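Everything numeric here is computed off the predicted structure, so don't read it as measured data. These numbers come from the heavy atoms of this one structure, side chains and all, not from hydrogens, waters or symmetry mates. Below, chain A is the first sequence line, B the second, and so on; all start at residue 1.
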Number of protein chains: 2
Amino acid sequence: MFPVSSRSQYGIRALVYLARKQGHVATASEISSREGISAKYLEGILTTLSSAGLVLGERGKNGGMRLARDTSEITMRDIVQALDGQVRPVACVDAAGDCSQGGACLPRRFWLGLKSVIDEYLESHTLKDVSES
Amino acid sequence: MFPVSSRSQYGIRALVYLARKQGHVATASEISSREGISAKYLEGILTTLSSAGLVLGERGKNGGMRLARDTSEITMRDIVQALDGQVRPVACVDAAGDCSQGGACLPRRFWLGLKSVIDEYLESHTLKDVSES
DNA sequence: ATAATTCCTATCGGCTTAATAGGAATATAT
DNA sequence: ATATATTCCTATTAAGCCGATAGGAATTAT
Ligand code: FES
Ligand code: FES
């Protein structure tokens with residue numbers, strides 16, 4: 001229950017790797033071999049993180065990936081949101097659906113509360129927390 | 001991200017329905033038609049909840065399902081655990097895996113913390129909370 | 001030029017899961 | 001007894017998701 005996708009797990013490990021590079025570049029293939037992650041798959045993950053503005057991709061020879069901001073300004077929520085979208089335990093988080101209880105749906109409140117505690121946990125932990133010992 | 005399965009959503013709605021019956025029986029087909037849930041599918045879900053000891057199934061004519069305990073003694077964690085297993089964001093929740101960081105793996109601590117906040121939220125909400133207005 | 005890298009698009013195979021089907025076991029009502 | 005209504009059990013199917021792979025285009029340094 002509540003599984004986190006490989007995308008997010010890989011992405012986090014890659015960012016932790018980059019964090020330890022202190023802003024220097026590392027190539028996708030370097031990270032993939034060091035972390036034991038499928039090279040092409042990780043490449044796509046890093047591209048996504050680049051689109052999200054979390055890392056800067058530098059193309060061409062001697063290129064690579066570097067963190068776009070300080071580790072303390074990248075929350076874990078930024079990361080998983082970029083890779084797996086918004087925290088959404090149930091579809092009716094966005095709009096109350098067709099359940100029998102209509103607008104006053106109590107389960108919905110319960111799910112919204114769950115979304116909140118997850119969001120708050122993710123937001124209160126930064127890449128700095130997760131990459132430093 | 002963090003989707004909750006239809007199994008759990010359906011199961012919760014069924015239990016809320018039963019909660020409002022104040023301990024009286026309701027058949028699976030009654031619940032399915034009232035809640036707009038596939039009849040046979042819900043039937044299996046209720047059987048699972050019965051195995052887990054959350055509801056009592058009474059077979060034969062005039063049989064049905066009733067809550068096994070008071071609504072205040074059924075936590076939301078009981079329900080989702082019965083239907084979708086333990087809260088486990090990542091596999092290494094149980095045993096540290098083969099990630100490059102070994103025993104001192106910081107991501108793992110982060111995931112364990114996430115598991116905790118989810119577990120605590122689920123445990124601190126009961127069927128009573130979710131079924132009463 | 002050449003090499004190395006990110007970035008883009010498409011596809012595949014396996015797994016999960018919601019849903020369906022058929023029936024066995026069991027209990028009540030008539 | 002018989003018919004009926006129900007939970008309970010076991011398979012199977014159809015569709016979607018996801019990790020992974022493949023091939024190349026765009027870009028940049030040497
Ligand atoms: S609106 Fe989602 S369960 Fe009621
Ligand atoms: S042990 Fe799971 S990420 Fe390190």
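- Following rounding to the nearest Å, A:Ile37 (CD1) and D:dT21 (C1') show an atom-to-atom distance of 16 Å.
- Evaluation of atom-type donor-acceptor distances gives no pair under 3.5 Å for the side chain of A:Lys40 against the base of D:dG19.
- The ring of B:Tyr121 has its center no closer than 6.0 angstrom to the ring center of A:Tyr121.
- When side chains are defined from C-beta on, A:Leu122 does not count as touching A:Ser124, because their heavy atoms never get closer than 4.5 Å.
- For the pair A:Tyr41 and D:dC18, the criterion of a side-chain N or O lying under 4.0 Å from OP1 or OP2 is not met.
- Counting non-hydrogen atoms under 4.0 angstrom, B:Ser50 reaches the backbone sugars and phosphates but no base.
- Mapping B:Lys61 and B:Asp84 onto DNA chain C by nearest heavy atom places B:Asp84 at the nucleotide closer to the 5' end.
- Here B:Gly64 lies in heavy-atom contact (under 4.0 Å) with sugar-phosphate atoms only.
- Toward the 5′ end of DNA chain D lies the nearest nucleotide of B:Leu46, the other residue of the pair A:Gly60 and B:Leu46 mapping further downstream.
- One finds a salt bridge joining A:Glu30 and A:Lys21 here, because a Lys/Arg side-chain nitrogen approaches an Asp/Glu carboxylate oxygen to under 4.0 Å.
- Rounded to whole Å, atom P of C:dT26 lies 15 Å from atom CD of B:Glu58.
- Contact annotation: B:Asn62 does not reach the phosphate of C:dA27 (side-chain N/O to OP1 or OP2, under 4.0 Å).
- Put simply, the side chain of A:Arg59 and the base of C:dT6 share a donor and an acceptor less than 3.5 Å apart.
- Close to C:dT20, at under 4.0 Å from its OP1 or OP2, lies a side-chain N or O of B:Ser38.
- When heavy atoms are screened at a 4.0 angstrom cut-off, B:Ser29 is found touching no nucleic acid atom at all.
- For A:Met65, the listed nucleotide lying nearest its side chain is C:dT6; candidates were C:dT6, D:dG19, D:dT7.
- The residues A:Asp78 and A:Arg69 are annotated as salt-bridged, a charged nitrogen and a carboxylate oxygen being separated by less than 4.0 angstrom.
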